[in-house]
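When a residue number appears, it is its place in the shown sequence, counting from 1. Since the structure is predicted, the reported quantities are computational estimates derived from the model, not experimental observations.
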Amino acid sequence: MSIEKYREGIRNIVIIAHVDHGKTTLVDCLLRQSGQFRDSQLTGERILDSNDLERERGITILAKNIALPYRDLKINIIDTPGHADFGGEVERVLRMADGALLLVDAAEGPMPQTRFVLSKALEVGLKPIVVVNKVDRPDQRAIEVLDEALELIVELGGEKYLDDFQYIFASARDGFATPSPEMPSDSMKPLLEMVYNHVPPPKIVDGQDFQMQVTTLDWSEYVGRIAIGRIVSGQIQPGDQVIIHQQDDRRKRGKVVNVMLFDKLGRIEVESASAGDVVALVGLEEIEIGDTIAGSENVPPLPRIEVDRPTLEMIFTVNSSPLAGRDGKFVTGRQLRERLARELERNVALRVRNAEGSDAFVVSGRGVLHLAVLIETMRREGFELSVGKPQVVKEKIDNEWHEPFEILHVEAPPEQFGSVMELVGARRGELIEMGNRGDYTFARFSIPARGLIGLRTKLLNSTQGTVVMHHRFETFKKIEGEIPRRPNGVLVSNVAGKAVPYALFNLQARAEMMVAPGDDVYEGMVVGENSRDNDLPVNPCREKKLTNVRASGSDENILLKPAKKLGLEAALEWVEDDELVEITPQNIRIRKALLKESDRKRLSRAALAAQ
C-alpha cells in the first residue's frame with residue numbers, strides 16, 4: 001500500500017522572475033556566501049550563464065540546477081529563463097520543485113513575464129516566497145512593489161497562500177537579504193532561513209516502486225542522453241532495469257548505467273538515490289522529456305508535461321546560394337534534418353514538420369528570439385542554412401481563422417510616447433491601460449503577434465533607444481486586418497562578383513547600401529534598401545571605364561557611407577515574404593527566394609493574372 005509522506009533533509013526550490021530582475025545574480029550571491037568554493041571557482045558574474053550566447057546577451061536561456069548545503073539541509077536550486085520566448089523551459093522544471101522564489105524588481109515591479117511564471121507556479125501548486133530584489137536602486141519603491149506582487153498572487157488564484165504569506169527584501173548585487181528595506185543586513189542568511197522554515201520538504205510516495213518523470217534532458221558525447229528529474233517514489237541504483245512509459249502509451253525497457261546527484265555546481269556519481277532527490281540518470285537511450293521511468297510493471301505513468309503552443313513559425317532550408325559551402329561544415333538537407341531532430345529532444349516548446357512540396361522544414365517556436373537563438377547556435381556549430389520571414393501560427397476555431405494576440409507592455413519617457421502610440425496603433429494594438437511610473441510613462445496593449453515582428457527596432461529608433469518593451473502570449477482572436485509592410489523596396493544585384501567602390505558610390509544616392517567594397521555578391525542578392533517602394537535590379541560590380549582623355553570632374557573623390565549590416569534578429573524581422581536570410585558561420589546575407597530576375601517577373605505576371 002502506497003502512502004504519501006515527506007522526505008526531510010532536502011528542499012527543492014525554483015527561482016522565477018521577469019527577464020533581468022536578478023535571478024542569476026541572486027544564485028551567484030548564494031554560491032559566493034555558501035563557503036563551499038574557492039575564489040578561483042567563482043570567477044566573473046552570472047556564473048550559471050555558462051553558454052556563450054547567454055553571456056553575450058545577458059539573459060538565461062537554459063534552466064540549470066545547483067545544490068547548496070545549509071545547516072542540516074541540502075537545497076537544490078533551479079535557475080530559470082526570464083524571457084517569454086523560453087517559457088517552455090520554465091513550465092517543465094517547475095515540476096521538480098516544492099517551493100518558488102518569486103523575484104520582483106524593487107523599481108519596475110511585476111512585469112508581463114512575472115505574471116506568466118507565477119501563474120505556471122500556482123498551477124502546479126507551488127507556494128511562492130516573494131523576494132523584492134534590487135532594493136539598493138535609488139528609484140526603488142519596495143513596499144509598493146510588494147503590494148503589487150500580493151495583488152498579482154490574488155488575481156491569479158493564490159488566495160490560499162495569503163494566510164502564511166512570506167516575503168523578504170534583498171539586493172543580490174550587494175549580497176544581503178533583510179525583513180525591512182530600511183535595515184540592510186550583511187548576508188543572505190535571512191533568505192536561506194526563510195527557505196529552511198517555509199519551503200516544504202519534497203512529497204514522496206512510500207511503499208511504491210521507483211517512479212520519476214523526466215523534466216530535462218542533458219547530452220554528453222561520451223554517454224549520450226542524460227535524463228534529469230525528481231524521484232517521486234522508491235529508489236534507483238546503477239544497473240537497475242526500468243520501464244519507460246513514452247508518448248501514445250508506448251513502453252520500452254531500459255537499464256540505468258549511472259546515477260548522479262547534483263552537488264554544488266556539478267554532479268557526482270552515487271551508489272543509490274531515493275524519493276525526493278533530483279537525479280541525473282545515464283544509460284537510457286531514446287528517452288524524451290515527459291516520459292515516466294518506472295521500477296516495475298505496476299507503477300503507473302505520471303501525467304505528461306504540457307507546454308503552451310508555439311505562436312511563430314519559419315521556413316528552414318538548405319543554403320542554395322552560389323556562395324554555399326564556402327564557410328560551413330554542414331550544408332546538406334540530411335544534416336539539417338538530423339540537427340533539428342536533435343534539438344526537438346530537449347527543446348519542448350519547438351515543433352518541426354516537413355514543408356509541403358519541398359525539402360524545407362517548418363520550424364515553430366515561441367517568438368523571434370526563441371528561433372533566433374536556435375539559428376545562432378546552429379550557425380556557431382558550422383551550419384549553413386536559409387530561413388524565411390517569420391509567420392504567425394493560425395488556428396481554425398468554429399470554422400473561422402484565429403491568430404495569436406499578445407499583451408505588450410511599453411515604458412518610455414513622456415516626450416517620446418507619442419511615437420510609441422503611433423507605431424503600436426498602426427500595427428493594430430489596442431490600449432488597455434496607461435499611467436506614469438516615476439519619470440516614465442507606461443502602457444499595456446493587446447496586439448496581434450504579427451504586429452510585434454520588427455516593432456522593437458522601430459520603437460528603439462523612434463525613441464532614441466529609451467523604450468523598454470516586453471510581451472507575453474494572451475490568447476487566440478479573430479484575424480485582424482492588414483499590418484503595414486516594409487515601406488521600402490530593395491536593390492537586387494543582377495551580376496555575380498565583388499562589390500566595387502565606383503558602383504556603390506553611384507548607387508548610394510538612391511539607397512542605403514548593405515554591402516561594402518570587396519564583398520562577394522551574386523545574382524539575386526539584396527545589396528541595399530531602396531529609397532522608394534519598388535525593387536530595383538542593379539550592378540554593384542560595374543567598374544569605371546578608363547580612357548586616356550582627362551576631363552574636369554571625372555576624377556572626383558569617392559566617399560562611401562558605411563554599409564548597413566543587419567544582425568540576425570534584425571534581418572529576420574526586416575525580410576519580406578519573397579526574400580530569405582542566408583546564414584553561414586561567417587556571414588548573414590539577404591537574398592530573393594528566386595535568384596533570377598526573369599523568374600521573379602514571371603511569378604509576378606502569374607500572380608497578376610490570377611487576380
Side-chain angles (χ1 to χ4, degrees), residues 19 51-54 56-57 59-63 81-91 113 116 307-319 328 330 333 335-355 358 360-394 403-404 406 448-457 469-473 566-577 579-585 588-591 593:
V19 65
N51 183 314
D52 286 344
L53 268 176
E54 292 180 316
E56 286 170 25
R57 292 172 178 266
I59 59 173
T60 303
I61 294 171
L62 301 169
H83 201 286
D85 284 22
F86 307 110
E89 288 280 316
V90 182
E91 288 175 59
Q113 186 67 358
F116 171 79
V307 298
D308 288 352
R309 294 165 296 184
T311 57
L312 213 63
E313 63 184 24
M314 285 158 59
I315 296 284
F316 280 45
T317 183
V318 294
N319 182 13
F330 308 110
Q335 290 166 330
L336 181 61
R337 181 188 297 107
E338 288 172 357
R339 177 62 182 83
L340 290 173
R342 203 160 68 240
E343 185 67 24
L344 277 176
E345 292 170 3
R346 60 166 66 182
N347 197 336
V348 291
L350 205 69
R351 303 283 184 274
V352 177
R353 70 176 196 275
N354 289 328
S358 73
F361 303 94
V362 180
V363 181
S364 311
R366 284 282 184 87
V368 173
L369 180 62
H370 184 200
L371 296 172
V373 165
L374 167 61
I375 295 166
E376 182 65 34
T377 305
M378 291 172 66
R379 177 188 174 198
R380 293 181 185 205
E381 290 170 2
F383 279 85
E384 288 193 13
L385 66 155
S386 297
V387 299
K389 179 182 173 67
Q391 308 281 355
V392 297
V393 177
K394 297 175 184 155
E403 65 177 339
E406 309 244 341
R450 279 180 302 148
L452 289 171
I453 299 171
L455 179 61
R456 183 183 295 275
T457 308
M469 65 172 277
H470 302 286
H471 55 89
R472 64 175 175 85
F473 175 70
L566 295 177
L568 177 58
E569 280 165 74
L572 294 175
E573 293 177 339
W574 189 81
V575 293
E576 283 298 337
D577 294 336
E579 294 161 359
L580 296 173
V581 182
E582 177 192 344
I583 294 147
T584 74
I588 294 173
R589 305 183 185 96
I590 295 172
R591 51 164 281 192

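With a 4.5 Å cut-off on side-chain heavy atoms, Met378 and Leu336 count as touching. No side-chain heavy atom of Phe330 sits under 4.5 Å from any side-chain heavy atom of Arg339. A 4.5 Å side-chain heavy-atom check between Val581 and Arg589 finds every atom pair outside the cut-off. Taking the side chain as every heavy atom from C-beta outward, Val363 and Leu374 approach each other to under 4.5 Å. By the 4.5 Å heavy-atom criterion applied to side chains, Leu580 and Val575 are not counted as neighbours. The shortest side-chain heavy-atom distance between Leu566 and Trp574 falls under the 4.5 Å cut-off.
Rounding to the nearest 0.5 angstrom, the gap separating the CG atom in Leu572 from the CD1 atom in Ile588 is 8.0 Å. With values rounded to the nearest 0.5 angstrom, Thr311 atom OG1 is found 13.0 Å from Arg450 atom CZ.
Between Glu384 and Arg379 there is no salt bridge, since no side-chain N of the basic residue sits under 4.0 Å from a carboxylate O of the acidic one.
Scanning all heavy atoms of the two residues, the minimum distance from Val387 to Leu385 falls at CG1-CD1, 3.7 Å. The minimum heavy-atom distance linking Glu381 with Arg342 is given by the pair OE1-NH2, 4.4 Å. Scanning both residues, Leu350 and Leu344, for their nearest heavy atoms gives O-CD2, 3.4 Å. Across Ala372 and Leu568, no two heavy atoms sit closer than the pair O-CD2, 3.4 Å. The heavy-atom pair separating Leu312 from Val393 by the smallest distance is N-CG2, 3.7 Å. Between His370 and Gly365, the closest heavy-atom pair is ND1-CA, 3.5 Å.
With Gln391 as the partner, the side chain to side chain contact (heavy atoms under 4.5 Å, CB included) test is satisfied by one option alone out of Ile453, Asp577, Ile315, Val362: Asp577. When Glu313, Met314, Glu376 are each tested for a side chain to side chain contact (heavy atoms under 4.5 Å, CB included) with Leu371, only one passes: Met314.
Side chain of Arg591 to main chain of Ala593: a donor-acceptor pair is present (N/O by atom type, distance under 3.5 Å, no hydrogens or angles). Ser386 contributes no side-chain N or O that, together with a main-chain N or O of Glu582, makes up a donor-acceptor pair within less than 3.5 Å. A donor-acceptor pair under 3.5 Å links the side-chain atoms of Glu579 to the main chain of Glu576, judged by distance alone.
Here the two rings, on Phe316 and Phe361, have centers that are 6.0 Å apart or farther.
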Q.
Show, in sequence, the C-alpha distance, side-chain angles and deciding distance for Leu452 and Met469, and conclude whether the side chain to side chain contact (heavy atoms under 4.5 Å, CB included) test is met.
A. CA-CA 11 Å; Leu452 289 171; Met469 65 172 277; 4.3 Å; yes
